[in-house]
Structures are given as C-alpha cells and as structure tokens.
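For this chain, numbers begin at 1 and follow the sequence in order. Side-chain atoms are counted along with the backbone in the values below, which use heavy atoms only and exclude waters and symmetry mates.
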Amino acid sequence: MHSRDKIRNIAIIAHVDHGKTTLVDKLLQQSGTFRENEAVQERAMDSNDIERERGITILAKNTAIQYKDFLINIVDTPGHADFGGEVERIMKMVDGVLLVVDAFEGTMPQTKFVLRKALEQHLTPIVVVNKIDRPNARPAEVVDEVLDLFIELGADDNQLDFPVVYASGLMGMSSLDPEKLGENMQALYDTIVSHIPAPTENVEEPLQFLVTLMDYNEYLGRIAIGRVNRGTVRQGQPIAVINREGQVKQARVEKLFGFQGLKRIEIEEAGAGDIIAISGIKDINIGETLADPANPEALPVLKIDEPTLQMTFLVNNSPFAGREGKWVTSRKLRERLFKELETDVSLRVDETDSPDAFVVSGRGELHLGILIENMRREGFELQVSKPEVIIRVIDGQKMEPIERLIIDVPEDSMGSVMESLGTRKAEMVNMINNGSGSVRLEFLIPARGLIGYRTYFLTLTRGYGVMNHAFDSYGPYAGSGVGGRHEGVLISSETGTSTFYGMLSVEDRGTLFVEPGTEVYEGMIVGEHNRDNDIIVNICKEKQLTNVRSATKEDTVKMKTPRLYSLEQALEYLNDDEYCEITPKSIRLRKKILNKGERERFEKQRKMAEANA
C-alpha cells in the first residue's frame with residue numbers, strides 16, 4: 001500500500017477536441033508505464049469502438065502512472081456536455097483537476113461547464129494550455145480568458161492562484177514558459193506533484209467507499225470502481241452495501257484491484273485515498289456505498305443534473321420489421337433500456353400506457369444517439385420519435401432549457417447565420433472579430449431552436465462554420481414555432497424496389513434520400529419536397545418496354561446524388577408525425593401512419609379538435 005502523501009488523484013477536464021486523451025497518452029508513455037517494445041495504440045484510453053471512430057471520449061476511464069516515488073491516478077473524462085453525468089461523478093474521486101484549454105480556440109461552452117463542476121467540489125486546478133505548437137496560437141490571451149472564466153464562476157482565492165503549464169500533447173512536450181517548450185512532460189509531472197494535494201482521509205476510521213464507475217467481466221461479474229473515502233479494505237473482507245434508498249445488505253470483497261497504466265493489478269489491501277476496483281458484489285450499482293458492517297454509514301447520493309431532451313423508443317412495426325435485427329420484441333427493448341440505467345446515471349427511462357413504447361430522457365441528441373447506435377450494433381431493431389425538449393414548470397412559470405451557443409463563421413456568412421438564428425429566438429450576447437477573416441458569435445438560444453440546425457448551419461457557411469453548445473440554464477418558454485423543419489417530404493406510395501426511371505421522374509420535385517435498388521414501403525419518406533407540403537410519389541415505377549424506337553434513346557441521363565443521412569442527421573430531421581426506423585443495417589424515415597387515407601383522416605380529426613378547443 002502506497003504512503004498517503006505519495007498519492008495524487010486528478011481528473012483531466014476540457015472542451016471536446018482540446019486534446020485530453022492525447023495528453024494522457026504522452027503522460028503514460030513517458031512515465032515508463034509501457035515496455036519499450038510494447039505495442040500501444042494512439043488514444044489508448046478511448047477503448048470503445050464508437051469512441052475510436054468518432055475521436056471523442058464518451059465514458060470516463062481511469063489509469064495510474066508511477067512518477068519517481070509518486071502514484072498519480074488519472075481519470076480521463078468526456079468533453080461533450082451530453083456526457084456531463086460522467087464528469088459530475090468523477091469529481092467525487094479526485095483532489096484536483098487538469099483543465100486543458102486549446103491555445104488557439106481558448107475557452108469554449110464545455111470548458112465553462114466542466115470547470116463549474118470542478119469548482120463546486122472545491123478541487124485544486126492546474127491549467128494546461130495545450131496545442132501550443134498550433135499556428136496562430138495565442139497563449140497569453142487564452143490564460144486571460146481562463147482567469148476571467150474562473151472569476152465569473154466564483155472561484156476562491158486558492159483556486160484563482162492556479163499554475164499554468166504550456167504543452168503540446170501531440171509532440172509530448174511541456175514547459176512553464178510559452179516561448180520555450182521542454183523536451184518532455186516533466187514540467188507537467190512536477191506541477192501535478194507539487195500543486196495537487198495528497199488525500200487527507202483517515203485510514204484508521206471505519207470503511208467508506210462510493211461506487212462511481214461500473215465495469216463488467218465475464219469471469220468476475222460486476223466490478224465497482226471508485227475511491228476509498230476512509231478506512232481500509234482487504235480481499236475477503238465482509239462489507240455492508242447501502243443502496244440509494246438507504247437499505248443495507250451484507251456482501252464480501254472477493255477480489256481487489258489497483259491500477260497500473262491501462263492494466264488492473266490484483267492487490268491485497270487499499271487505504272483511504274486509493275482509487276480501486278472491487279469485484280464479487282452482486283447487483284451493485286453506481287452511487288451505492290460500501291461500508292464497514294459494524295458501522296454502515298452512507299455517503300451522500302450522487303447529485304446529477306436532470307435530463308433536458310426526451311424521445312419515445314418503440315418496437316419496430318414497419319412492413320420490414322424483423323428482417324435485419326436479432327432483438328425485436330418489447331421485452332428485449334425494455335430489458336436493454338433498463339440495463340443502460342445501471343451504468344448511465346444521467347439517463348431516465350419511463351414506461352408508457354403502451355407496452356411497446358418507452359420515454360427515454362437524456363442530456364442531448366448525441367447522448368441518446370450514442371445509446372441508439374450501441375443498440376443497433378448489438379442487433380436491436382427499434383423506432384424512435386422526434387427529440388423533444390423537457391419543459392418544466394418552475395414557480396408557476398413554464399420554463400425550457402436554454403443553450404449557450406458559440407459559433408465561428410467566415411465574415412461573409414455572418415449575416416445569413418445571424419438571420420437564421422434570429423428566427424429561432426436566439427439572443428446574441430457577444431461578438432469577437434480577431435481580424436483573421438473569421439468571427440466568433442455567442443448566443444443564448446432555446447434548446448428547441450438547435451434541433452435540426454447543424455446541417456442547415458453547415459450549408460449556410462459552406463462547411464467552414466464550427467458550432468459548439470452546452471446547457472446554460474432554464475429560461476422562460478419562448479412560445480411555439482421555435483426551430484423545426486419547414487420543408488415537406490416525398491412519401492412512397494408503393495411497396496417495392498426503387499428504380500432509376502421512377503426516381504428520375506420525381507427528381508425535380510425535391511431531393512431524394514434513397515439510391516436506385518433500395519427496398520421501400522408505403523408511407524416511407526424517400527426525399528424532401530421543394531415546398532412546405534408533403535406529396536405522394538411512386539419511385540418504384542418501371543419504364544414500359546415497347547418495340548417503338550425513342551428519339552432520345554442514346555441520350556445520357558444523369559441523376560443527382562441522393563442525400564444519405566447518418567443516424568444523428570436522421571434524428572434531427574424528424575417532424576412530429578414521423579418516426580426513424582433503426583435496424584443493424586438500415587436507417588429509414590417514415591410517417592407514423594403509413595396509409596395515405598388513414599393519414600388524411602387523422603389530420604382532419606386533429607384540425608377539428610383544435611377548432612373546437
């Protein structure tokens with residue numbers, strides 16, 4: 001067991017893409033954790049397939065490095081606000097944070113979000129100005145921005161006196177002087193050791209351990225990861241498990257693990273301040289406390305910000321249901337959603353009057369999109385409705401989530417972007433023109449106004465715009481008509497296979513979403529109409545073959561490239577009367593009511609009900 005004064009527990013926090021995971025890579029490599037001939041992949045901490053594909057961190061993960069005679073436990077956290085629940089839990093495990101800020105971009109919405117969480121827990125900060133080797137890097141201005149942010153968030157005097165380390169995670173260099181980078185990460189190691197406090201908890205008191213992360217192993221079952229808040233824990237020791245409701249049950253520690261690099265190593269004993277993993281406890285969940293059976297005291301339950309967005313997950317009932325998926329029943333869907341609750345504390349699942357539908361609430365489109373993507377990779381087939389923001393009544397007033405939006409756009413696109421945001425009830429709070437041809441605009445905008453906006457924004461800026469947003473607060477409800485899609489859709493009238501001839505005949509009506517040879521069904525959305533109403537089209541129509549020669553027979557006919565949607569784009573595109581059908585192989589958009597006659601009848605009844613009301 002390490003001496004308490006030789007342990008340092010830190011979390012790495014930052015805005016998405018500011019280089020946290022790359023920085024951890026270099027800290028691991030230069031600490032001598034890996035053998036010289038050991039093959040280590042880039043972004044070693046991003047172990048999940050989706051994390052590696054998208055280049056973002058989704059789940060918090062921990063590692064430990066040995067520097068001189070110090071043990072430094074490092075937790076890599078997600079930078080995206082949709083996974084803020086992960087960040088909030090991690091703050092309970094550490095004594096300090098490395099706030100990583102891009103030397104060019106400076107402070108961004110998620111920087112503010114993650115820093116607020118750290119300051120609320122009174123953690124000791126170290127600021128790392130990363131990517132110092134970038135062209136146009138402006139380290140001095142970025143440090144000023146960070147200081148302003150600390151003051152705005154109400155940091156105390158000790159937190160305001162933060163050390164600054166300048167680094168290049170990619171090059172593996174760090175220094176205390178922005179003009180002269182060192183050859184390695186030693187400046188950062190030394191700053192961590194000298195500024196982050198050692199654990200102060202007492203080893204002699206009765207055991208307390210808060211479960212902060214969960215893992216699973218086929219041989220060991222559930223593995224609870226967290227920090228020993230006080231006392232000591234040994235292999236084979238009997239313990240009390242206190243759940244979130246305060247109920248106590250008895251269990252035994254079967255195996256105890258410490259961390260070394262990316263590996264878990266079996267240990268005999270751990271003391272207060274150690275970050276460890278415990279196996280052998282059935283049905284253990286995040287937020288529960290492990291304590292001394294003779295003195296079972298629970299730690300405060302983790303408080304997590306409430307979800308802001310919800311969607312309805314349904315069993316797939318389209319004409320093509322069951323063709324591509326392995327799990328298609330409501331029982332399997334329910335089982336999978338409730339299993340997700342065990343590891344994702346910021347998710348909510350509510351059952352509805354229908355056994356085939358569940359309301360799932362999360363932090364944002366990406367949060368729910370990643371869950372859906374994981375489910376389809378596991379073989380699930382399902383349908384989801386349009387994402388809707390969660391409206392609350394606070395002090396008798398209707399309130400909705402407001403997002404802080406920061407966008408960087410070329411100067412010539414600024415007018416059209418501001419106009420488009422104006423129609424979505426956005427309020428501009430800041431504008432910075434740094435003279436490089438790009439303008440930074442900051443807005444407060446209802447979360448509803450951002451649903452479906454990203455694709456339109458990229459079109460307005462011809463792909464050069466960059467937008468970032470994070471939840472800011474709840475504000476007064478801005479009325480109906482904020483955001484949403486204004487274009488109608490092209491709906492298939494037939495079930496069959498789309499043909500080149502049939503698609504060519506409707507091409508001038510709008511933009512198609514399917515390629516020739518795609519199987520379609522009645523009621524499926526196959527394109528976007530040029531106008532604001534929906535129309536029925538037949539893209540399965542085949543050319544009648546005759547023995548009469550055509551004057552245009554030799555002409556080459558070209559068709560426009562169809563617009564194919566990714567999962568997130570498809571979810572953003574949905575309207576109130578539509579579903580997105582998701583299978584392991586396909587993403588299809590469809591109307592809730594597939595038959596044209598039934599759709600018209602339902603619409604007529606809805607309008608009559610509105611008129612009577």
Side-chain angles (χ1 to χ4, degrees), residues 48-54 58 311-340 349 354-360 362 365-387 489-500 502-503 511-528 537-540 561-575 577-595:
N48 180 314
D49 284 347
I50 299 178
E51 290 180 322
R52 301 200 67 76
E53 285 166 25
R54 300 188 184 214
I58 295 167
M311 295 165 78
T312 305
F313 283 46
L314 305 103
V315 171
N316 187 11
N317 62 0
S318 85
F320 293 170
R323 287 191 183 187
E324 299 170 356
K326 184 179 174 186
W327 312 113
V328 294
T329 62
S330 62
R331 184 172 64 86
K332 282 289 179 187
L333 180 62
R334 182 185 185 281
E335 202 176 278
R336 177 64 181 83
L337 290 174
F338 278 92
K339 185 185 171 197
E340 188 70 20
V349 179
S354 164
D356 294 343
F358 305 88
V359 176
V360 181
E365 286 168 83
L366 184 63
H367 185 197
L368 295 173
I370 295 288
L371 169 62
I372 295 167
E373 182 62 43
N374 278 323
M375 288 174 71
R376 73 184 287 230
R377 290 183 184 205
E378 291 164 21
F380 280 85
E381 266 193 30
L382 66 151
Q383 293 178 146
V384 296
S385 68
K386 176 188 173 182
V489 288
L490 307 177
I491 305 166
S492 174
S493 63
E494 307 288 324
T495 298
T497 304
S498 61
T499 64
F500 184 81
M503 291 172 72
T511 308
L512 289 164
F513 296 163
V514 293
E515 294 174 312
T518 304
E519 284 195 87
V520 298
Y521 53 78
E522 182 190 0
M524 182 171 151
I525 296 168
V526 294
E528 182 182 277
V537 295
N538 181 6
I539 60 167
C540 303
T561 308
R563 187 196 299 167
L564 303 177
Y565 279 136
S566 67
L567 176 61
E568 265 89 25
Q569 288 170 328
L571 297 178
E572 281 188 348
Y573 191 79
L574 288 174
N575 239 342
D577 62 338
E578 296 162 4
Y579 284 144
C580 180
E581 179 191 351
I582 297 144
T583 74
K585 295 179 184 172
S586 314
I587 295 169
R588 304 184 187 98
L589 297 171
R590 53 159 284 190
K591 287 290 178 184
K592 286 184 179 178
I593 302 170
L594 298 177
N595 182 270

| Over all atoms of both residues, closest heavy-atom pair of Leu368 and Val360 | CD2-CG1, 3.8 Å
| query | Are the side chains of Glu494 and Val520 in touch, meaning some heavy atoms are under 4.5 Å apart? | reply | no
| Just by modelled atom types, is the Glu515 backbone N or O under 3.5 Å from a matching donor or acceptor in the Ser498 side chain? | yes
| Leu594: side-chain contact (heavy atoms from CB on, under 4.5 Å) partners, not counting sequence neighbours | Pro319, Tyr521, Arg590
| field | salt bridge (Lys or Arg N to Asp or Glu O under 4.0 Å) partners of Glu581, counting only residues at least two apart | value | Arg588
| request: Would you check if the side chain of Thr497 reaches a backbone N or O of Gly517 as a donor-acceptor pair within less than 3.5 Å? | output: no
| message | Apply side-chain contact (heavy atoms from CB on, under 4.5 Å) to residues Leu382 and Phe358 and explain how you reach the verdict. | response | CA-CA 11 Å; Leu382 66 151; Phe358 305 88; over 6 Å; no
| Which distance, rounded to the nearest 0.5 Å, do you find between the CE of Met375 and the CZ of Arg336? | 6.0 Å
| message | Has Ser493 got a side-chain atom pairing as donor or acceptor with Val537's backbone, closer than 3.5 angstrom? | response | yes
| said: To the closest 0.5 Å, what do you measure between CD (Gln383) and CG (Asn316)? | reply: 4.5 Å
| query | Taking only residues two or more places apart in sequence or in another chain, which ones pass salt bridge (Lys or Arg N to Asp or Glu O under 4.0 Å) with Arg334? | reply | Glu351
| request: Could you walk me through whether Arg376 and Ile587 pass the side-chain contact (heavy atoms from CB on, under 4.5 Å) test, one step at a time? | output: CA-CA 10 Å; Arg376 73 184 287 230; Ile587 295 169; 3.8 Å; yes
| Working for side-chain hydrogen bond (donor to acceptor under 3.5 Å, both in side chains), residues Gln569 and Ser566 | CA-CA 5 Å; Gln569 288 170 328; Ser566 67; 3.2 Å; yes
| field | Listed partners of Glu578 passing side-chain contact (heavy atoms from CB on, under 4.5 Å), at least two apart | value | Arg485, Val489, Ile525, Leu574, Asn575, Lys591
| Contacts of type side-chain contact (heavy atoms from CB on, under 4.5 Å), residue Lys332, not counting sequence neighbours | Trp327, Thr329, Glu335, Phe380
| Any sub-3.5 Å donor-acceptor pair from Thr583's side-chain atoms to Gly325's backbone N or O? | no
| query | Arg563: what forms a side-chain contact (heavy atoms from CB on, under 4.5 Å) with it, not counting sequence neighbours? | reply | Thr511, Phe513, Glu528, Tyr565, Tyr573
| message | Tell me whether Ser385 contacts the main-chain N or O of Thr312 through its side chain, where contact means a donor paired with an acceptor under 3.5 Å. | response | yes
